[in-house]
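One structure below.
The chain is numbered in sequence order, starting from 1.
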Amino acid sequence: MSIGEMSFLEQYEKAPSEKKFPLVRNWIDNSPLPFFKELRAKRPIFETPLCTLVAHFDDIVEVLRLPSIYTVALYEPMMGDYLMAQDDTPLHYREKSIMKAMLNRDDLPRIRAFVAERAKRVLEKSGGRLEMAYGYGRALPTALVQDVFGLDGVEPERLIDWSYWNQYDAFHNQPFDVVGDPDGIRAKSAAARQSLAEYVAELIPRRIGEIKSGRNPQDVVARMLQTSYPGSVGFPIERLARNVVGLLIGTVETSSHAALNVLQELLRRHDVLPRAVHAAKADDPTAFDGFVWEALRFAPILPYLFRKSARDYLLAAGTPRATRIQKGAHVLTLTLSATFDPGRFPNPDSFDPTRTTENTFHFGYGTHECLGRHIAAVLVPEMVRQVLRRPGVKAESAIDFGGTPFPERYWVSFDA
């Protein structure tokens, strides 16, 4: 229940038209779980002036499994012709297949060991107190991008900046977002993309030269450059370069945000924390990973995935909630609502690290499932695990987002 004795929907109905969506946006940002619970019960498909909210698990899955109807067209102005900005196209499937092969799952033990070693190094040098957002959360995925993916020869701060502004523009600068300077964000994103393109234009011939000189690097960029692609495959060097860019943009900001959200969620749950710490100290991380995914269910990096309707479509046909979504509508699938739907998650308000993850949306869903989901599935848990292995670990404050969508400051201390 919201302010006073009125429910969220009662407040919405009584608000003047210009206040309606700002109310909704505030509830999404600040009271998502009670708001979404009311929507599931009363208005599971909720049309607002700027977008349509979809709160029921089954309807969310229906939207996300229909990429030719509910498209990612809103990504295109920021991502251009990158594969993840396309839906049911030959380019999307071709390049995603190639990149899945390049991101070999056989590498996962080596990647997890790399993350563990780097995390230990950072934590040991901190003296028992560390600012986690830049000093750890962004630093570790950036090291992975440089050393494992092979985007080397550039300052880590530049990689972080390029990832930050591209993520900000694509996922947090949409018509249904509330940002103070959307044009400024768009300009910074465009500048970041230009700088990143110039860097990759230097990176690729340099790495080709290194390979020709007899070096045998094992990183992902080298793997891409050492592979022969017949012309009929349709993966020329320009497309290869485009996917090298994607290795960065899809890794740093998302992994950092997820790891810090999970860490905060576990550190603030005093009934759960001792069990999580115990699991973190075990040699086998399997049980601990369950704590990570359950914490992320409560604190995802975004409470929704957004799509744009390419044509009129009757959503949830044959049910009492059936609603015709108009062509051009912006649709917010409230994935945080879906993961608290008691029909799919028994006792959804209880923290249960033994839950299966099949019905979660941590890595997206369907056609646009995260390309590097298997890497993230070891990167994020190991980042959190190494912190919880430190004795006396505690948060000094809540995450400070600094008026942005991303963690900007988060101080954690432990016994040195």
Which value, rounded to the nearest 0.5 Å, describes the distance between [X] atom [atom1] and [Y] atom [atom2]?
| X | Y | atom1 | atom2 | result |
| --- | --- | --- | --- | --- |
| R311 | Y70 | CZ | OH | 8.5 Å |
| E369 | L371 | CD | CG | 9.5 Å |
| I185 | Y168 | CD1 | OH | 4.0 Å |
| T319 | D58 | OG1 | CG | 9.0 Å |
| L103 | I375 | CG | CD1 | 4.5 Å |

Report yes if the side chains of [X] and [Y] come closer than 4.5 Å at any heavy-atom pair, otherwise no.
| X | Y | value |
| --- | --- | --- |
| V252 | L159 | no |
| T52 | H330 | no |
| P300 | F361 | no |
| R409 | S397 | no |
| L247 | V145 | no |
| I98 | Y229 | yes |
| V220 | N104 | no |

R129/E396 ion pair, N-O < 4.0 Å | yes
How about [X]: does its [atom1] atom have over 12 heavy atoms from other parts shown lying under 6.0 Å from it?
| X | atom1 | value |
| --- | --- | --- |
| N347 | CG | no |
| K96 | NZ | yes |
| K188 | NZ | no |
| R105 | CZ | no |

Check: Y199 ring centroid to W162 ring centroid under 6.0 Å | yes
Would a line drawn from the ring center of F306 to the ring center of Y75 be shorter than 6.0 Å?
-> yes
Just checking, any donor-acceptor pair under 3.5 angstrom between side chains of D161 and W165?
-> yes
If we ignore angles and hydrogens, is there a donor and acceptor under 3.5 Å between the side chains of R223 and T227?
-> no
Could R389 and F414 be counted as a cation-pi pair, given that NZ or CZ must be under 6.0 Å from the ring centre and within 45° of the axis?
-> no
Could R138 and Y164 be counted as a cation-pi pair, given that NZ or CZ must be under 6.0 Å from the ring centre and within 45° of the axis?
-> no
Please assess Q386 against Y136 for the test side chain to side chain donor-acceptor pair (under 3.5 Å), listing each intermediate value before the final yes or no.
-> CA-CA 11 Å; Q386 290 301 322; Y136 189 86; over 6 Å; no
Should the ring pair H92 and H368 be called parallel, tilted or perpendicular, given that the plane angle runs from 0 to 90° and is split at 30 and 60?
-> perpendicular
What orientation do F351 and F298 show, parallel under 30°, tilted 30 to 60°, or perpendicular over 60°?
-> parallel
